[in-house]
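Below is one structure, written out as C-alpha cells; comments come after it.
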Amino acid sequence: MTERSSWPLYEVFVRGKRGLNHVHVGSLHAADDEMALHNARNLYTRRNEGVSIWVVRAEAITASSPDEKDPLFAPSGDKVYRHPTFYTIPDDVPHM
Amino acid sequence: MPTADEQRLHEHFDATIDRDQRVEPRDWMPEGYRGTLVRQVAQHAHSEIIGMQPEGAWIGRAPSLRRKAILLAKVQDEAGHGLYLYSAAETLGADRGELTGKLVSGRQKYSSIFNYPTLTFADIGVIGWLVDGAAICNQVPLCRSSYGPYARAMVRICKEESFHQRQGYELLLTMMRGTAAQREMVQDAVDRWWWPSLMMFGPPDGDSPNTQQSMAWKIKRHTNDELRQKFVDMTVPQAEVLGVSLPDPELAWNAERGHYDFGEPDWAELKRVISGDGPCNAERVERRRSAHEDGAWVREAAAAHAAKQAARKEAGA
C-alpha cells in the first residue's frame, strides 16, 4: 500500500489571471514533472481558477520557519524609519 | 514532565489559538492536536472518495446528456475534494498510501451517509439538496478551523459545494413539475434520506466525547446539535417551496425558541452504520479496495516511465 510514496510530492502554484503573482494552492503526488502539471490542471483549475501553473518538487524548496517569533524576521522589527508613516510632513504639502 | 522548552512551545501554541491565528505545518503543536486533526481530515478525505460511489452508480443511467455532464462534474469534484484533504493531511506528516490502507482495512472511518443505497434517480437530487446541504452546514465553519491547510482546503471545497447543492435542488424542482410518478419518486427519496442526513452531524452533544477538546483547539467551531438545528432551520422552508413533506411528525416551528423543533434520530441506527453494519458498508469498502488494487499497474507503469526518462536525461546530459 506504500508504493504510492515512490511518487514524489509536488507543490502547486497558480496564477489566477494575468497581472497577478503565482500563489501556492496545495500539493499533489505525481510520477514526474509532466504528470504533476497535468494533475495540477485537473485538480486545481477545474473552474478557470488559473492561466498559468508552476509545479515544483516539495523537496526542492528551502523554507524558513513559519513561526513569527523566528529571529530571522526580528531585524526588521525595529527599523520603523523604513515606513513612510515614520516621517512627519505638514498637512498643507500637496501630493505627498 | 515536559521540559522547559516544550512548555514554552506549548504556551506559544496556546497563544496562537487564543489570538484566533492559524497554526501552520511547521509550527510546534501538541501531539493530541496533530493526531485529532489527522484523524478528522483523513476521515473527511475518505468521505469524499467513498462519496463518489453512490452517485457514480447513476452516471451511466442519467436520463439526459445534461444531467450526465452535471453528475460527471460533481463526482470529479468529489475526487478533487478528497485530494485537497489528503494534501492537507500530509502537511501533518501523514502518508497518503497509509491513509488509503487504513480506509480499506476498516481502521479509519468515513461519513455514515455513504452507506445508504441510491435506489432511484431522485436520490441524486436529494443527495445534492440534503446531503450536500448538511455538508455545507458542517464545512462552512471549518473554513475558520485553526489549522491553516485544512481551513484553506475547506474554502475551496465550500465554493464548489454550492454548485452541488443547487444542481440537486434544481433536479428535484424539475421532477416535482413532472408527472405524479416523478413526484412520488422525489417524496420517497426524501423519506429515505431525511434521517440519515440528520445523523451526518454525529451523535448528540452529550454522547460526543471529543467535541469539547476539538472546540478548545478551534478545530471544530460548533457542536453537533447546534449544526443539526441550523440544518433543520435552513431546510424546512426549502422543502415547502419544493412541495415535499419531511418524514417527522414532531417537526414544528417553535416561536419561543425561534427554531424548529424536531424528532430524535435513531441513534442506534447511526451506531450500527458507523460500526460497519449499514446497508452498503461492505460494498463501498470493497469497491474502494478493488479500485486501488486494480490501479496498481498504472502507478507502477508511471513510476517506471519516470525512472526511464530520468535515466535517459542523465545519460544525455
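On a predicted model such as this, the values are computed, not experimentally measured, just so you know. Chain identifiers are assigned alphabetically (A, B, ...) following the order of the sequence lines, protein sequences preceding nucleic acid strands; residue numbering begins at 1 within each chain.
No part of A58(A) comes within reach of chain B, as not one of its non-hydrogen atoms sits under 4.5 angstrom from that chain. Neither the backbone nor the side chain of Q309(B) comes within less than 4.5 Å of any heavy atom in chain A. Contact annotation for L43(A): both backbone and side-chain heavy atoms come within less than 4.5 Å of a heavy atom of chain B.
Between chain B and the residues D32(A), L28(A), V25(A), the largest count of heavy-atom pairs under 4.5 Å involves D32(A). Between chain A and the residues E160(B), H305(B), H81(B), the largest count of heavy-atom pairs under 4.5 Å involves E160(B). Highest contact tally toward chain B, considering only R47(A), E49(A), M35(A), is held by R47(A) [criterion: heavy-atom pairs under 4.5 Å].
Donor-acceptor pairing under 3.5 Å is lacking for the side chains of T91(B) and Y150(B). No side-chain N or O of N39(A) forms a donor-acceptor pair with one of Y10(A) less than 3.5 Å apart.
Taking the six-membered ring for Trp and thresholds of 30 and 60 degrees, Y44(A) and Y84(B) have nearly parallel ring planes, at less than 30 degrees apart. Ring geometry for F13(B) versus Y33(B): interplanar angle over 60°, hence perpendicular rather than tilted (30 to 60°).
Of the possible polar contacts, none joining the R289(B) side chain to the V104(B) backbone as a donor-acceptor pair under 3.5 Å is found.
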